[in-house]
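Below is one structure, written out as structure tokens; comments come after it.
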2 protein chains.
Amino acid sequence: MTSVEEPARPAGRIRDAARTKAEILDVATQEFSRAGFAGARVDEIAARTRTTKRMIYYYFGGKEQLFTAVLERAYSVIRMAEQELDVEHLDPVAAIRRLAELTFDHHEAHPDFIRLVSIENIHEAEHIAASEELGTIGSPALEVIRRILETGRKSGLFTADVDAVDLHAMISSFCFFRVSNRHTFGALFGRDLVAPDQREHYRTMLGDMVIAYLTADRTQD
Amino acid sequence: MTSVEEPARPAGRIRDAARTKAEILDVATQEFSRAGFAGARVDEIAARTRTTKRMIYYYFGGKEQLFTAVLERAYSVIRMAEQELDVEHLDPVAAIRRLAELTFDHHEAHPDFIRLVSIENIHEAEHIAASEELGTIGSPALEVIRRILETGRKSGLFTADVDAVDLHAMISSFCFFRVSNRHTFGALFGRDLVAPDQREHYRTMLGDMVIAYLTADRTQD
DNA sequence: TCACTAATGTACGAACTAGTACGTTAGCTA
DNA sequence: TAGCTAACGTACTAGTTCGTACATTAGTGA
């Protein structure tokens, strides 16, 4: 099996810095996500790559920096997805719902990312703070939300007095919790929040919640 | 300083199994919450108690069981708080808002609990699964929500078709995320979700969100 | 008051783990 | 094609960490 893996390259090392780095990052993402920062084993990461532990230190410097690199790549994925957001041609209500659904989909599709963020929060975001790349850039989604909110408020559709960051927090909290806390929630309440047949239910629930909040009739209160 | 700690007990060990156990649990809660399961150090926990590592193994059996005991006690605190819920004399809208606010307050007041739950989710709730105490009992809050929802729906106030578990998830997600993800959220978006002067803002936002969702005019959709 | 047990303390070890010193080689370029 | 360097591998170590064997004592009941 091991010899079939690669296409007829019987002997000798192949040198490919980019591939080696990427492979280390792939495996490290899995291992950190599986066991947390302290629980992850550098030896285990190395063993699961085609290279050795030496290369981890050669390319990344240490366990701490490797985790930072893993985080940086994970965040870059969501940032790229957000840059593809194309919802501003929709009316504000539909645009926000679509945005919420895309956030929902992205969280569901990337449970490893959710776990890494949970782990980073246990460590009080110290790796983000230490990273030049992560500290500076914001979220493309935030700008999109800002513009939709403005349009919706001008047209009188949106009555709520929220800013983009808080609305982003509201949407993220539901999407994040559903994935991050699925195990304890499932164990305690006997309900699987990520069961495939409940997916549409929760996706709709999220959209309904956000739209209801934004368009609620405040004259009643 | 060390001699002033205890009231005039100059020499000899004082034996108090209950106090020793409780002290170990207190320190272990802090240490696990600070560093995660793998990151927590049994020696460190022992050093910060008035007893020795030996006692951890004597009373709890090992690191794994100690963490389970810490979790069990942390969950028992929230369960006790939920048993004191007294909102059913209010009208359904006020009752749900009050319940949401109490959940909000409890999460804010117990960041260690939030961290422990995050950590337990990284470990896929394996300790909850292994615990007889935690696996069986549900949440008292759930029964309260169930009854309020029924009253609200009968009276026509609540139009949303949610059950108690999903509403609980919605409320918890906002409260939990605000505390659990405050570090990454703060680092990435420059906003402190637990800033004291924003407390009322987010508390109100949560209530507004839940009520808007429950009472939204569905004939418009 | 004597003996017995629950509770406690000390000292230690086996296994693990992050990190490194040192040696090797593929592949490019002059 | 010779030589140079980035890329890679091996073997090892110093320090840590969970867990335990063994010794001791406080308090209680006969």
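Chain letters run A, B, ... following the sequence lines, proteins first, then strands; residues in each count from 1.
Straight-line distance from the OH atom of A:Y57 to the P atom of D:dG9: 16 Å, rounded to whole Å. Separating the CE atom of A:M55 from the P atom of C:dG19 is a distance of 16 Å, rounded to the nearest angstrom. Straight-line distance from the NZ atom of B:K21 to the P atom of C:dT8: 11 Å, rounded to whole Å. Between B:D16 atom CG and C:dA7 atom P there is a gap of 10 Å when expressed in whole angstrom units. A:F60 places its CZ atom 16 Å from the C1' atom of C:dA18, with the value rounded to the nearest Å. Atom NZ in B:K53 sits about 14 Å away from atom P in D:dT16, given to the nearest Å. One can place CD of A:E23 at 16 Å from P of D:dA7, the figure rounded to the nearest angstrom. In this structure, B:R50 atom CZ and C:dT8 atom P are separated by 11 Å, rounded to whole Å.
For the pair A:K53 and A:Y58, the cation-pi criterion (under 6.0 Å, within 45° of the ring axis) is not fulfilled.
For B:T52, whose side chain is taken as the heavy atoms from C-beta onward, the closest listed nucleotide among C:dA6, C:dG9, C:dG19 is C:dG9. Among the nucleotides C:dA7, D:dA7, C:dT20, the one closest to any side-chain atom of A:A17 is D:dA7. Here the nucleotide nearest the side chain of A:Y58, chosen from D:dA7, C:dT8, D:dC8, is D:dA7. If you check C:dG27, D:dC8, C:dG9 against the side chain of A:R54, the one that comes closest is D:dC8.
OP1 or OP2 of C:dA6 has not a single side-chain nitrogen or oxygen of B:Y59 nearer than 4.0 Å. For A:T20, no side-chain nitrogen or oxygen approaches OP1 or OP2 of D:dA7 to under 4.0 Å.
For the 3.5 Å distance criterion, the side chains of A:S139 and A:E82 qualify, holding a donor opposite an acceptor.
Side-chain rings of B:F113 and B:Y75 approach one another, their centers coming within less than 6.0 Å. Note: B:F176 and A:F176 fail the aromatic proximity criterion, with ring centroids not under 6.0 Å apart. Taking the centre of each ring, B:F37 and B:F32 come in below the 6.0 Å mark.
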**Item:** Step-by-step side chain to side chain contact (heavy atoms under 4.5 Å, CB included) determination, A:R199 to A:F104
**Value:** CA-CA 10 Å; A:R199 197 180 117 85; A:F104 183 96; 4.0 Å; yes

**Prompt:** Yes or no on salt bridge (Lys or Arg N to Asp or Glu O under 4.0 Å) for B:R191 and A:D163, after CA distance, side-chain angles and deciding distance?
**Reply:** CA-CA 12 Å; B:R191 180 158 309 179; A:D163 74 353; 2.6 Å; yes

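Taking a 4.0 Å limit (strictly below) on heavy-atom distances, residues 27-44 of chain A reaches DNA chain C at A:A40, A:R41, A:V42, A:D43.
Side-chain atoms of A:K63 and base atoms of C:dG19 include no donor and acceptor less than 3.5 Å apart.
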